[in-house]
Amino acid sequence: MNLDSTLRTEIQKALTALFNQTVEAVQLQPTNQEFEGSHTLVCFPLTKLSRKGPEETARLVGDYLVQHSGVVSRFNVVKGFLNLVLNDRVWLDVFQSIFVNPNYGQLSPNGEEIMIEYSSPNTNKPLHLGHLRNNFLGYSVAEIYKANGYKVHKVQIINDRGIHICKSMAAWQLYGQGENPENTGMKGDHLVGKYYVEFDKKYKAEIADLIGQGMSEEEAGKKAPIMQLAVELLRKWEQRDPETVALWKTMNGWVYSGFDATYKRMGVDFEKLYYESDTYLLGKEEVLKGVEKGVFFKKEDGSVWVDLTADGLDQKVLLRSDGTSVYMTQDIGTAILRFTDFPKIMGQVYTVGNEQEYHFKVLFLILQKLGFDWAKRCFHLSYGMVDLPTGKMKSREGTVVDADDLMQEMVDEAEKQTRELGKVDEITEEEALKLFEMIGLGALKFFLLKVDPKKRMLFDPNESIQLQGFTGPFIQYTHARIRAIIRKAESMDIVCTEADLKQVDALEPAERDALNVLSLFESRVKEAAREYSPAVIANYAFDLAKEYNKFYQNIPIFNETNPARLRFRIAFSKATADAIKKAMNLLGIAVPEKM
RNA sequence: GGUCCGAUAGCUCAACUGGAUAGAGCAUCAGCCUUCUAAGCUGACGGUUCGGGGUUCGAGUCCCUGUCGGAUCACCA
């Protein structure tokens, strides 16, 4: 049963009976902790129909609901707020509907398909902390959409071509001495990254040198030999020079095997990978079509532009005067290609940092101007940067937090703390290693996902490895605790049936509160999708765990002598554990049986 | 300079989209393990919601204005 809509219906009935009128949307909100009740009707807006003061209006509605609705057992009025106490029978009915539904939290298929892009790294260096936020976000939003009944296609576009990879190639050619992942034992993405850094160092030295010889800074930037080599490699690559293409393939290959290992540990996956080298030419044709249609215009030098001044933006170049594509061009092409590959998707979600907000605003506008309906259903999931306590991450200053290193540190720290607590005494070494991984990554993911994606966030390493309070491990721990109860119940052959639920006559306040939170799961799953926000789920999982812990601390389950009530509590505990697990899975976080 | 985003407890974050005395976690202090896992629970302390105006029965939330951060405005990606 849907408690919320049931209540709303009853309230509308009451308003009709009392005042012979209804309102479009009654304002129903959770009751503050300090007052008795679970749901509160805000009565200020109702004074217009009642033509009475807010308190009297509240009392009238409250009386009516107690007498006629069958769901409200009593109420209290504070100012214009009508706090409703529901029947325990109603709460048990709510629980029953959860109890009989093994898919609680998973909404039924809605027949819609959606594409979600995330990750999309450059191939010249390893992933860092910023990528972690991106990947965890994208993965989680995809899972949240699945839970909302969508068929989801996870994709990414890999920026495998361009000057950045040529820089690594140039440095490797000059100083690599045949190094590769095998003979160095280095992860491929890190090896390529090493040469990217190497490039930067040499480049800077060469510039300084040239400036010393009297050259201007701008000219030196262009004339530096290592940069000229990189540009030359890019030119050769575009001309399909076999040797250059071979080196490019080799080095990208190293990066991919490195990324694969990182993705695997992160626990993210993709249905299809798009490569920029395959798609970067695609947009050109569409742009030329747009010129014919008069959507774009050509300048005298041959460059093609779109004029967005009417939309409050600028003019934007789409093809260079030499006819080559820019970033925007290939994004137009890729977008169209994706809708060809997956004709049933109703829209696309781009998980990309907020520094590209302008870019996506322009992209979606252009797609609309080209006449693609689906452009309106494209969404830039824009997230804020991750800052360190020392400020912004800067590669130049070596403050970039490497994704692989960070994950390892989190797992090491989880191991240290877990061992200190003596939690590994009863499990095998193999189980223990799995547990450390689960806790370390759980802490990391939760830390990055608990904050509203739109907001810039601070990554404090000391805080991220905390295992108490508003953290992933706290929730994992609650799950493990409940599982211990379930195991015990199973060993005692305690099984709950619907008939047992019918025999429970009253609930403890702690049960009512916990049940209330449990009943909110599906509405939070919907909200999370609507807001594109895993933070909604993270907050919910925490609330649920916290509320259950209160119940757990308050009521020793196995002390209960009434059999129906005991069985209900076991079933309720199990349903809570299931919901915690599902919610955490929506965040990409696994939960342990023991910890 | 134009545009966009942000500012909430010492710190990190919430606040159901305009509703009650603004809530959590961390930190600090004080309690609770003979009972299902103390990575837990209970309490205390902590606020001019950046400043100033306005709209409203009612504003952290909406409007105007100022201050301070950040992003963006390339024939870069």
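Lettering of chains follows the sequences in order, A, B, ..., and the numbering in each one begins at 1.
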Requested in this report: May I ask whether A:Phe35 stacks on the base of B:A20, given the cut-offs of 5.5 Å between ring centres and 30° between planes?
Outcome: yes
Query raised in the report: Using centres under 5.5 Å plus planes under 30 degrees as the test, is A:Phe470 stacked with B:G25?
Result: no
Query raised in the report: Hey, is the side chain of A:Lys550 pairing donor to acceptor with the base of B:U42 inside 3.5 Å?
Result: no
Query raised in the report: Among B:C41, B:A14, B:U37, which nucleotide sits nearest the side chain of A:Tyr477?
Result: B:U37
Requested in this report: Scan every strand shown for a Watson-Crick or G-U wobble partner of B:A71, both distances under 3.5 Å, and answer none if you come up empty.
Outcome: B:U3
Query - Donor + acceptor pair across side chains of A:Arg530, A:Asn148 (<3.5 Å) - result: no
Requested in this report: Classify the nucleic acid contact of A:Asn83 as base, sugar-phosphate or nothing, counting any heavy atom under 4.0 Å across all strands shown.
Outcome: base
Report task. Report the glycosidic orientation of B:C50: syn if within 90° of 0, anti in every other case. Result -> anti
Query raised in the report: What does A:Phe558 touch in the nucleic acid at a heavy-atom separation under 4.0 angstrom: a base, only the sugar-phosphate, or nothing?
Result: base
Query raised in the report: Which is true for A:Asp460 with a 4.0 Å heavy-atom rule: it touches a base, it touches only sugar-phosphate, or it touches nothing?
Result: nothing
Report task. Determine the contact category for A:Asp314: base if any of its heavy atoms lies under 4.0 Å from a base atom, sugar-phosphate if only primed atoms, P, OP1 or OP2 are that close, otherwise nothing. Result -> sugar-phosphate
Requested in this report: Please tell me which of the listed nucleotides, B:A24, B:A38, B:A7, lies nearest to the side chain of A:Tyr552?
Outcome: B:A38
Query raised in the report: When all nucleic acid strands are considered with a 4.0 Å heavy-atom cut-off, which category describes A:Glu276: base, sugar-phosphate, or nothing?
Result: sugar-phosphate
Requested in this report: Indicate, yes or no, whether a donor-acceptor pair under 3.5 Å links the base of B:A39 to the side chain of A:Lys423.
Outcome: yes
**Report entry** Nearest to side-chain heavy atoms of A:Gln29, which nucleotide of B:A77, B:A20, B:A39
**Finding:** B:A20
Query raised in the report: Looking for any heavy atom pair under 4.0 Å, which part of the strands does A:Lys392 touch: base, sugar-phosphate only, or nothing?
Result: sugar-phosphate
Query raised in the report: With sugar-phosphate meaning primed atoms plus P, OP1 and OP2, does A:Tyr358 contact a base, only sugar-phosphate, or nothing at under 4.0 Å between heavy atoms?
Result: sugar-phosphate
Query raised in the report: Looking for any heavy atom pair under 4.0 Å, which part of the strands does A:Thr324 touch: base, sugar-phosphate only, or nothing?
Result: nothing
Query raised in the report: What is the nucleic acid contact for A:Ala489, judged by heavy atoms within less than 4.0 Å: base, sugar-phosphate only, or nothing?
Result: nothing
Report summary line: Any strand, both distances under 3.5 Å, Watson-Crick or G-U wobble: B:A22 pairs with none
Query raised in the report: Is there a donor and acceptor pair closer than 3.5 Å between the side chain of A:Thr40 and the base of B:A20?
Result: yes
Report task. Using a 4.0 Å heavy-atom cut-off across all strands, classify A:Glu547 as base, sugar-phosphate, or nothing. Result -> nothing
Query - A:Lys79 side chain, from C-beta outward: closest of B:C36, B:U21, B:C41 - result: B:U21
Query raised in the report: Does B:U8 have a Watson-Crick or wobble mate here (both distances under 3.5 Å), and if so which one?
Result: none
Query raised in the report: With distance as the sole criterion, is a donor-acceptor pair present between the side chains of A:Asn159 and A:His164 under 3.5 Å?
Result: no
Report task. Compare the aromatic ring of A:Phe44 with the six-membered base ring of B:G19 and state whether they stack according to the 5.5 Å and 30° rule. Result -> yes
Query - Nearest-nucleotide comparison on RNA chain B, the residue closer to the 5′ end among A:Phe459 and A:Arg487 - result: A:Phe459
Query raised in the report: Looking only at side chains, do A:Gln417 and A:Glu413 share a donor and an acceptor under 3.5 Å apart?
Result: yes
Report task. Report which part of the nucleic acid A:Val78 touches: base, sugar-phosphate, or nothing (heavy-atom distance under 4.0 Å, all strands). Result -> base
Report task. Determine, for A:Lys416 against A:Asp412, whether the closest basic-nitrogen to carboxylate-oxygen distance falls under 4.0 angstrom. Result -> no
**Report entry** Donor/acceptor link under 3.5 angstrom from A:Asn124 side chain onto base of B:A77
**Finding:** no
Report summary line: Side-chain atoms of A:Lys488 come closest, of B:C26, B:C36, B:G40, to B:C36
Query raised in the report: Side chain of A:Met457: nearest nucleotide among B:C13, B:A20, B:U12?
Result: B:C13
Query raised in the report: Would you say the side-chain atoms of A:Ser573 and A:Tyr548 include a donor-acceptor pair closer than 3.5 Å?
Result: yes
Report task. Return the nucleotide paired to B:C29: Watson-Crick means purine N1 to pyrimidine N3 with N6-O4 or O6-N4, wobble means G-U with N1-O2 and O6-N3, both under 3.5 Å. Result -> B:G43
**Report entry** Between A:Asn124 and A:Ser168, a side-chain donor and acceptor under 3.5 Å
**Finding:** no
Query raised in the report: With sugar-phosphate meaning primed atoms plus P, OP1 and OP2, does A:Ile557 contact a base, only sugar-phosphate, or nothing at under 4.0 Å between heavy atoms?
Result: base
Query raised in the report: Counting only side-chain N and O atoms of A:Arg481, is one of them less than 4.0 Å from OP1 or OP2 of B:A38?
Result: yes
Query raised in the report: Would you call the rings of A:Phe572 and A:Phe551 parallel, tilted or perpendicular if under 30° counts as parallel and over 60° as perpendicular?
Result: perpendicular
